[in-house]
Amino acid sequence: MRRRDPCAGCWLGRADEPCARGRGTLEPHVRTARLGGLHQGQGRRGRPGVPALPGRARCTGRPDHPGGRDPGGGVAHRHGRRHLGAPALGRCRPHERPHGGRHQGQSLDVQAHEDRHARRGACGTPAGEAQGGRGMMGASEKIGLDPVYAGPVDETRTAIADILAGKKTGKDVVVRGWIHRTRSKGKLAFLVVRDATGTIQCTLKQGVVPDDQFTAAAAALMESSIALTGEVKEDPRAPGGFEIGAKEVQVVHAAEVFPIKEHQSTELLMDLRHLWVRSQEQRRIQRIKHHMLRAVRDWFHANGFTEVTPSVITTNAAEGGSDVFKFDYFGQEAYLSQTAQMYLEALIFAHEKVYSLTPSFRAEKSRTLRHLTEFNHLEAEMAWMGSEDNMKVQESLITYTAHTVARTCHEELTVLGRDPEDLLAIKAPFERLPYNDAVTFLNDNGFPDFKWGEDFGAPHERKLVEGRTQPVFITNFPKKIKAFYMKEDPDDARVVLCNDCLAPEGYGEIVGASEREVDIDEIVRKLKEEGATLANYEWYLDLRRYGSVRHSGFGLGLERLLLWFTKQEHVRDMTPFPRTTNRAYP
RNA sequence: GCCGGUGUAGCUCAGUAGGUAGAGCACUCGGCUGUUAACCGAGCGGUCGCAGGUUCGAGCCCUGCCGCCGGCGCCA
């Protein structure tokens, strides 16, 4: 209950100075001062959402891939087409859009997507999209929806972000939101109101606002919902530089005493998670996650992947004996899925390149900053691809996602303590460090006793990424410490063709990947070695009976990626309702 | 699972050598027409995690249990 660590629960802490107890970056309204100029996605560099990413302007080859073209990349297969290898990735031809049906040989069109989003100022400031305002209508037109679906038909209110951007100065507006804070000075009251786009101070003067409304509003407690009309004024005394001089105020719902105040313990915030999600910190993280998800889907779509939806109820206990959540499924034993991998392997025979985003469940009683019992697992599987191609996919995906998030969520990242430049600097290719070399490195750098064949522990992992600013692939681990489905390295029978991806700055493993064993006899042999019940794997073995092909895939922990991107401390804050070993409520 | 830390008011914490419980915030009432986590005055507020033990006397010392936090292992 007591926290020695920083005050993560500072609801009202200040922005500019650390909370007396620690980091205190979660203040709400003080932020508005900073938001003022940035809220429209203008970023620091002035132009809306188009940061000066080196190599961004040109559109010739992948700027982050030296040479733009990798002769060995792209997997030439039988029909002479190339999958997702470097050449395809390297191209950036905005006009060559992926379109229905075909998925092969498509160029990486994410640049265009990205720029389009950036231009819209979509970013963390959903002035348009979240508010159902004009921004959304713009998007709707593209998608082909009737603009009416962008918001209520009688929508007249204004997004606070628009006010803070100076678009409404001198005009009468209607604002709806929640009371973030009240400061009453007798006949003058200040209400700080929050909507999804930002917070703004509203001044209520007795005599201007009808008496009964004034009384009700001044008495309304934090988080009461409220609607008010008034004139927007630019005023240096107001946080954020703008305020609304209220003319009419309606308390939509007078809240009870809000249980979250300033300086809260982790435990309380977890108990009150359903209310804590309203905090500026949580809002920012969820916004970044939203853009991350969008980026990821854009990338996969642009590269010819089909998104599929495997079940999370399974009878495969799989995944190297780690603990599973078991339950009774109408009389038979079933499990919550730990990975969709095997199902994706089945689906590549229909789609060749597939990905899925499903929850995965791990019943290990892990007590760390990086573990959830339920996490969002982004998994991909590619037919015809080997381990090197697999890594190319991973690094391209991660790089693109990092860049997109950096450019669309500039304000959120900055407030959370992540310099967007850190993410813009992420560059493929990532270093490939074979396990053998990693062992040598460790032996020479403080771990003389580390033996070949052991798995890396946290201290080893930290040493391996020490000083790095880029992710690194550790490849070709010993067979013994990896799963049965991984393919043996033809050049070294002791290791398998696999890779982990370690994030920089000690954020740890974000991806686990491998080329899969395709030889049925080999798989059967390994399963027997592990003492597995073969009957449980019959359907999986079938995949090696009917047109087996070389294939590879990976799994990425979405919350871990987000943790790295946002530079936060704990994965549990990367998801609105985290499930940890001792919490399934709320 | 192992190791360490911690549990006092609604919340965040203090509690000095063992001597009978404090502050700030929140809330209520009063004051204030430019506040910025507003401020000023008053009020409300505790079975000191639970159960034993030592002692004339325990929030404080001892034992056990429980909760929470962190580290390790395991992984994404």
Side-chain angles (χ1 to χ4, degrees), chain A residues 1-5 7-15 17 19-21 24 26-30 32-33 180-192 201 203-208 219 221-222 235-240 243 245 256-272 319-323 338-339 341 359-379 455-459 461 481 483 500-503 507-513 554-564 569-571 580-583:
Chain A
M1 177 151 134
R2 292 269 203 270
R3 297 177 58 90
R4 331 248 82 52
D5 53 350
C7 165
C10 195
W11 180 264
L12 295 170
R14 301 184 81 101
E17 57 196 66
C19 156
R21 309 189 55 244
L26 333 184
E27 69 336 313
H29 56 288
V30 183
T32 48
H180 213 70
R181 191 69 178 164
T182 60
R183 290 185 285 271
S184 170
K185 273 191 59 74
K187 291 175 183 163
L188 172 66
F190 299 95
L191 300 188
V192 178
Q201 172 168 289
T203 56
L204 278 61
K205 292 182 179 173
Q206 201 168 41
V208 176
L221 300 180
M222 198 163 135
D235 192 320
R237 293 170 298 183
E243 65 179 21
E256 296 176 29
V257 178
F258 200 65
I260 302 179
K261 315 284 201 281
E262 50 198 299
H263 305 315
Q264 301 295 347
S265 63
T266 312
E267 187 182 7
L268 187 90
L269 294 180
M270 294 302 290
D271 286 339
L272 299 177
E319 187 87 354
S322 48
D323 296 326
Q338 297 180 297
T339 170
Q341 179 197 321
S360 276
F361 302 87
R362 302 285 164 88
E364 285 102 4
K365 292 202 169 184
S366 299
R367 271 206 63 86
T368 80
L369 300 172
R370 299 211 297 264
H371 284 84
L372 294 167
T373 51
E374 175 187 356
F375 67 97
N376 284 294
H377 210 171
L378 179 68
E379 294 174 276
D455 208 350
F456 301 130
E461 222 172 65
I481 55 174
D500 284 356
C501 180
L502 302 183
Y507 284 98
E509 185 179 343
I510 50 175
V511 173
F554 65 90
L556 179 152
L558 204 73
E559 281 78 16
R560 285 195 181 173
L561 186 67
L562 186 60
L563 185 67
W564 164 36
E569 227 183 334
H570 206 306
V571 261
T580 52
T581 54
N582 53 7
R583 183 171 295 278

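These figures come from a predicted structure and were not determined experimentally.
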Enquirer: In chain order, what residues pass the salt bridge (Lys or Arg N to Asp or Glu O under 4.0 Å) check against R367(A), with sequence neighbours excluded?
Expert: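 For R367(A) there are no salt bridge (Lys or Arg N to Asp or Glu O under 4.0 Å) partners, ignoring immediate neighbours.
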Enquirer: side-chain contact (heavy atoms from CB on, under 4.5 Å) with K365(A): which residues, sequence neighbours excluded?
Expert: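 T581(A).
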Enquirer: A458(A): what forms a side-chain contact (heavy atoms from CB on, under 4.5 Å) with it, not counting sequence neighbours?
Expert: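 A458(A) satisfies side-chain contact (heavy atoms from CB on, under 4.5 Å) with R462(A) once adjacent residues are dropped.
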Enquirer: Would one find a side-chain N or O of N582(A) under 4.0 angstrom from OP1 or OP2 of C68(B)?
Expert: yes
Enquirer: Name all residues meeting the side-chain hydrogen bond (donor to acceptor under 3.5 Å, both in side chains) criterion together with S360(A); count only those two or more places apart in sequence or in a different chain, and write none if there are none.
Expert: H377(A)
Enquirer: Considering residues at least two apart in sequence or located in another chain, which fulfil the side-chain hydrogen bond (donor to acceptor under 3.5 Å, both in side chains) criterion with E461(A)?
Expert: R370(A)
Enquirer: Any side-chain N or O of R367(A) under 4.0 Å from OP1/OP2 of G70(B)?
Expert: yes
Enquirer: Can you name the residues that form a ring-ring contact (aromatic ring centres under 6.0 Å, His included) with F456(A), not counting sequence neighbours?
Expert: Y435(A), F450(A), F477(A)
Enquirer: For nucleotides 43-49 of chain B, give me one character per nucleotide, 5' to 3': B if any protein heavy atom sits under 4.0 Å from the base, S if the only such contacts are to the sugar-phosphate, - if neither.
Expert: -------
Enquirer: Nearest whole Å is fine: how far is C11(B) P from D271(A) CG?
Expert: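 My rounded result for the distance is 10 Å.
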Enquirer: Please convert RNA chain B into dot-bracket. A pair counts if it is Watson-Crick or G-U wobble with both distances under 3.5 Å; crossing pairs go in [ ] and bases paired with another strand get |.
Expert: (((((((..((((.....[..)))).(((((.......))))).....(((((..]....))))))))))))....
Enquirer: As a test of reading the structure: which of U33(B), C72(B), G70(B) is closest to the side chain of H570(A), going by heavy atoms?
Expert: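 Ranking U33(B), C72(B), G70(B) by closest atom to the H570(A) side chain puts G70(B) first.
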Enquirer: With sequence neighbours left out, what residues match V257(A) under side-chain contact (heavy atoms from CB on, under 4.5 Å)?
Expert: L221(A), K261(A)
Enquirer: What does the list of N/O pairs under 3.5 Å between the protein and nucleotides 22-31 of chain B look like, with a distance for each?
Expert:
from: C25(B); atom 1: O2'; to: E262(A); atom 2: OE2; distance (Å): 3.1
from: A26(B); atom 1: O2'; to: K261(A); atom 2: NZ; distance (Å): 3.3

Enquirer: For Q338(A) and D323(A), run side chain to side chain contact (heavy atoms under 4.5 Å, CB included): C-alpha distance rounded to whole Å, both residues' side-chain angles, the deciding distance at 0.1 Å, then the answer.
Expert: CA-CA 9 Å; Q338(A) 297 180 297; D323(A) 296 326; 5.8 Å; no
Enquirer: I'd like to check the side-chain contact (heavy atoms from CB on, under 4.5 Å) partners of A513(A); sequence neighbours left out, ordered by chain and number.
Expert: N390(A), Q394(A), N499(A), V511(A), F554(A)
Enquirer: Return the set of residues passing side-chain hydrogen bond (donor to acceptor under 3.5 Å, both in side chains) with T373(A) (not counting sequence neighbours), or none when no residue passes.
Expert: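 Checked T373(A) against side-chain hydrogen bond (donor to acceptor under 3.5 Å, both in side chains); zero matches.
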